[in-house]
Amino acid sequence: MTTATLGRRSVLAGAAAAAAVAHPAVAQGTRAKVVVVGGGFGGASCARALSREGLEVTLVEPEASFTTCPFSNAVIVGLRGMEAQRFGYDGVRRTGVVAVQTAATAVDAEARRVILAAGSTLPYDRLVLSPGIDLRFDALPGYDEHAAEVLPHAWKAGAQTLLLRRQLEAMEDGGTVVMAVPPNPYRCPPGPYERASLIAHYLKTRKPRSKLLVLDAKDAFSKQRLFESAWRALYPGLLEHVPLSAGGKVASVDPATRTLSTDFGDHRATVANVIPPQQAGRIAALAGVADRSGWCPIDPVSFESRLRPGIHVIGDAAIAGAMPKSAFAANAQAKVCAAAIAALLRGETPPEPRLINTCYSLVAPDYGISVAGVYRPANGLLADVEGAGGVSPLDAPPVVRALEATYAEDWFRTITEEVFG
Amino acid sequence: MVRAALAAALAVAAAGPASAADAAPPGASSCSGCHAVSGRDGAAVPAIHGRPAEEIAAAMLAYRRGEASPTVMDRIAKGFSEDEIRAIAAWIAAQR
């Protein structure tokens, strides 16, 4: 008993010493400060979870509300209103988070503080970056910010989503829609194929003499057999997918003529949707947590940056191994990261986590398909747990497809309520 | 010396985050991405938080054996051992 007590005390003493060295704010008896940059699925979730851990949390986000990418493909084809995509931060504030509406312009990792656009600074004991993606306007010849006003990417939801919607609405029946799909990695791996499906549905029901050409920089993609099977059944002769090996990689674009060029030919579009290559949101590079790939290497247990101690990166910006860049993944990572930060601030070693991803795609309004995965740290990355995960059955009856479409909507309501309150 | 260290440790405990006693076991914090913690009328995905642990564990174990109708849960349950499932079920049952 005595031995056990002493053992426990010395453990506590060790923990206290470690915490005091690493976290002066804690040692001084004030609450530890965590700053979260980015108010999307990852950042807002993490801010709320950290606040529930009893920490002093500031969320830095320049926009007054967040516009979600999940279900924005339904907005593009008129199945859904944009207002259903927007979420404010009142619910996040109600959890006790201080949400400041400004941009983070720099991070001083040595001094542990974030510099804000207004010039003021926020000190932190731990920093979480959840900056999402930036579109690379230097990666595809001809495609820059101005070109995106003619050839929308619609890969960040908002004005771009509505621009693509207006272009599709204005197109005469008999037009050609062309999509350019980037190589891996990018936000939402099945997203381009859900979008292609829903655009095909729109054309079939509204403009049936039109065509959709999907130029793809890859040969293999998420939920591929399910998508291809559905396309053959629902959109024969309307949707043509050109993979990399058949010359699908777009090498350049010309906004003046709405032309997308591959190594094998030019494709003139009536409406073009160009999804360019991507990288972690800009603050990641400014903070020194992005590597030469443009993404952020992290420890798979704590999501702490491998490049800058004290900074954690979650969501699309992180290199999370087998875990995809999805809203569900960002939310799951946020909760694990918050628990890890709380443990670290107590001077404890974070426990090894297990993470889940679930992602639904709509192939038509009443036809949903899903992929799920379970992940654990292995060899410094998040790896698939063998024997788990996978996609919807290839031979499922229509009632299962309809059920999964319902689950997709249900998931959206649940996760947005969890993230934004 | 020991007393001073203990006092410091207690100060940290008071100032820092809540204890780890209620920490989610591996995998458990992901569930609320689909299963609404507060529940919701008409939800297609059932509310599970606050349900009896035995009920949650039984459902998960049936999914794990492939005995329940195929949804994402059969694919997810296979990523956990029986002990891990029971730990998750106990934690979910304690959440409201």
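Order of the sequence lines fixes the chain letters, A, B, ..., with proteins taken first and strands second; residue numbering starts at 1 for each chain.
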Rounded to the nearest 0.5 Å, what separates atom [atom1] in [X] from atom [atom2] in [Y]?
X       : Y        : atom1 : atom2 : answer
B/Ser32 : A/Lys335 : OG    : NZ    : 3.0 Å
B/Ser30 : A/Asn331 : OG    : CG    : 7.5 Å
B/Glu84 : A/Arg354 : CD    : CZ    : 4.0 Å
B/Cys34 : A/Tyr360 : SG    : OH    : 5.0 Å

> Does atom CD of A/Glu386 have more than 12 heavy-atom neighbours from other groups under 6.0 Å away?
Replying inline: no

> For atom CZ of B/Arg51, is the number of surrounding heavy atoms from other residues, nucleotides or ligands below 6.0 Å larger than 12?
Replying inline: no

Given a strict heavy-atom distance threshold of 4.5 Å, which part of [X] is in contact with chain B: side chain, backbone, both, or neither?
X        : value
A/Glu352 : backbone
A/Val419 : neither
A/Ser370 : both
A/Ser392 : both

>> Closer than 3.5 angstrom, by distance alone: can the side chain of A/Asp410 be matched with the main-chain N or O of B/Val45 as a donor-acceptor pair?
In response: yes

>> Donor-acceptor check, side chain of B/Arg75 to backbone of A/Gly390, threshold 3.5 angstrom: yes or no?
In response: yes

> Which heavy atom in A/Thr406 sits nearest to a heavy atom in B/Ala44, and how many Å separate them?
Replying inline: CG2-CB, 3.7 Å

> Shortest non-hydrogen contact from B/Gly27 to A/Ile356?
Replying inline: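 It is O-CD1, 3.9 Å.
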
> Will you find, in the side chains of A/Glu417 and B/Ser38, an N or O donor that is under 3.5 Å from an N or O acceptor?
Replying inline: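 Result is yes, a qualifying pair exists.
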
> Based on non-hydrogen pairs under 4.5 Å, which of A/Val374, A/Ile415, A/Thr414 is most in contact with chain B?
Replying inline: A/Thr414

